[in-house]
Structure formats: C-alpha cells, structure tokens
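Each remark here refers to the structure printed beneath this line.
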Amino acid sequence: MLLECVEQETGAAPQWTVLWLHGLGADGHDFAPIVPELVRPHWPALRFVFPHAPVRAVTINGGARMRAWYDIVGMDFATRAEAAGIEESVAQVEALIARENERGTPPSRLLLAGFSQGGAITLAAGLRRREPLAGLVALSTYLPGGAAAAAQRDPNAVAQPVFFAHGDGDPVIPVQHGQASAQALERVGFEVEWHRYPMAHQVCAQEIADLGDWLERRLAP
C-alpha cells in the first residue's frame, strides 16, 4: 500500500513534483510550511508530496515506537542504519515515484528531497535509479554505507545533481559524516553542490535561499 501523504500544489495542473521525506519522529506535516518560503512566483506549478514514514520501534531510543524510515541500532555511522528498513523505505519511495509518473510527472521532472533520516533514504534511493530523477536534495544527513554504497551506484544514477547541506554544529549527525558522504558521491561521478551553515540539526533561511537557487536551475525551461 502507498504511504499516506500530505500534498500541496502551487498552481493548477502541476508538471513537476517534489517528494520530500521527513526526519526521525516527525511526519509529513513537518516540512509543509517550507513551501511558501521556498517557492518563487515565476516557477512552474509544483506538487509537493510529504509522505508519513511508518511507525516502528527505534532501538537507539529505547525501543520507543515512532515514525521512522529505518531502525537506528547504534551510534556507529557505518552500521547504525538497519538494512531491512532502508530496503523497505526505498521500495515505498519508488512506489510514490511510480504514482507520480501515472499522474503525469515523469522521473525527469521529479525531485527527491529528505532531511536527516529522510535524506539518508533519498540518497539510498537515488544511488539505485536506472532512470534518473531531476535531482536529489540531502539535508543534514549522511549516506548509509558510505563509500562502499556509493561504489555500487547504478551507472545512470550519476546524472542526478545533488544539493547537500549540513550544519557546522549538528549534534545528531556531525558535519564530517555529511561531508564524507558528499565526497563519496563526487568520487563516483555525482555533481554535488555542498553547503555548510552555522546551525545545528535544523534548516536555516540561507539554506532555503540557496536551495531555491539550485531548484531554479533545475526548473528552468
């Protein structure tokens, strides 16, 4: 079954979709307020799709049940992400991409974005795309599996440009993990635009402005 989603459209008959994945413990409403801050008046009509992750037990939080794209089993970034959860979430994201295609938005006009855990799924899904998306947006996140995962990317996946942003003072995912992930993607052929901001595990106004500039280049005729 398809995940439940929050949706917003910026105009009639949108021809582009932004599929945006929230972080651990949040839900699809979390990033909906960013739409009016991000979207520019001259852009084509967009459909924003904010899915709710499934509710599951999260080991690192004492087994508490919350919305999560995968279980976090420890602090070591090389092994912290539960592989089965990543596989399940990537499949759920692919189902949503397929639905957008059925609604008239092909992968070439779909941007996949995610924050924290959602960003990890964005990158994991992006690496496997045989039919490239219009772009990947990775905010305050890391690539599960690191360089080894990047090396296994589909050859066609590197056509997807990546916007990668992180806070210098992030206590949840230290910036060096984000930067290492961005570098791993670059080494296997991705075009990565990397940004660092004086912030913690969050989003800031300058980041939204920079993301808007990057999106503008993707949406240009």
Can you name the closest pair of heavy atoms from [X] and [Y] and give their distance?
| X | Y | answer |
| --- | --- | --- |
| E88 | P54 | OE2-CG, 4.4 Å |
| R80 | V172 | NH1-O, 4.3 Å |
| S108 | W16 | O-CZ3, 4.0 Å |
| V58 | M66 | CG2-CG, 3.7 Å |
| F50 | V35 | CZ-CG2, 3.8 Å |

Check your understanding: Would R196 count as a cation-pi partner of W194, with NZ or CZ less than 6.0 Å from the six-membered ring centre and within 45° of the ring normal?
Key -> no

Practice item. Using a strict 4.0 Å threshold on nitrogen-to-oxygen distance, state whether E193 and R218 make a salt bridge. Key: no

Review point. Do E94 and R128 sit within salt-bridge range, that is, some charged N less than 4.0 Å from a carboxylate O?
Key: no

Determine yes or no for a side-chain-to-main-chain donor-acceptor pair under 3.5 angstrom, with [X] supplying the side chain and [Y] the backbone.
| X | Y | result |
| --- | --- | --- |
| T122 | A113 | yes |
| R109 | G104 | yes |
| D71 | T59 | yes |
| H22 | A53 | yes |
| T141 | A120 | yes |
| Q160 | L133 | yes |
| D154 | N156 | yes |
| T105 | T17 | no |
| Q15 | P44 | no |
| E9 | A45 | no |

Does [X] belong to the same Ile/Leu/Val/Met/Phe/Trp/Tyr cluster as [Y], with side-chain heavy atoms less than 4.5 Å apart forming each link?
| X | Y | result |
| --- | --- | --- |
| V39 | L139 | yes |
| I208 | W20 | yes |
| V73 | W69 | no |
| Y197 | L38 | yes |
| V93 | V55 | no |

Point to revise | Intermediate values then yes/no, salt bridge (Lys or Arg N to Asp or Glu O under 4.0 Å), E7 and R103 | key: CA-CA 14 Å; E7 294 192 5; R103 293 205 283 187; 2.9 Å; yes

Review point. Atom CZ in F163, atom CG in L136: separation rounded to 0.5 Å?
Key: 12.5 Å

Exercise for review: Please report the C-alpha distance between R67 and D27 in whole Å, then the side-chain angles of each, then the deciding distance to 0.1 Å, and finally whether the salt bridge (Lys or Arg N to Asp or Glu O under 4.0 Å) criterion is met.
Suggested key: CA-CA 7 Å; R67 292 199 181 276; D27 64 20; 5.0 Å; no

**Study point:** Between H166 and Y142, ring centroids under 6.0 Å
**Key:** no

Exercise for review: Kindly indicate, with the supporting measurements, whether the criterion salt bridge (Lys or Arg N to Asp or Glu O under 4.0 Å) is fulfilled by R99 and E102.
Suggested key: CA-CA 5 Å; R99 183 184 67 169; E102 292 170 0; over 6 Å; no

Review point. Between H29 and H52, what is the ring plane arrangement, given parallel below 30°, perpendicular above 60°, and tilted in between?
Key: tilted

Check your understanding: Quick one: ring pair (Phe, Tyr, Trp, His ring centres under 6.0 Å) pairs with a partner in residues 83-102, sequence neighbours left out?
Key -> none

Review point. Does any donor atom in the side chain of H42 or E216 lie under 3.5 Å from an acceptor atom in the other side chain?
Key: yes

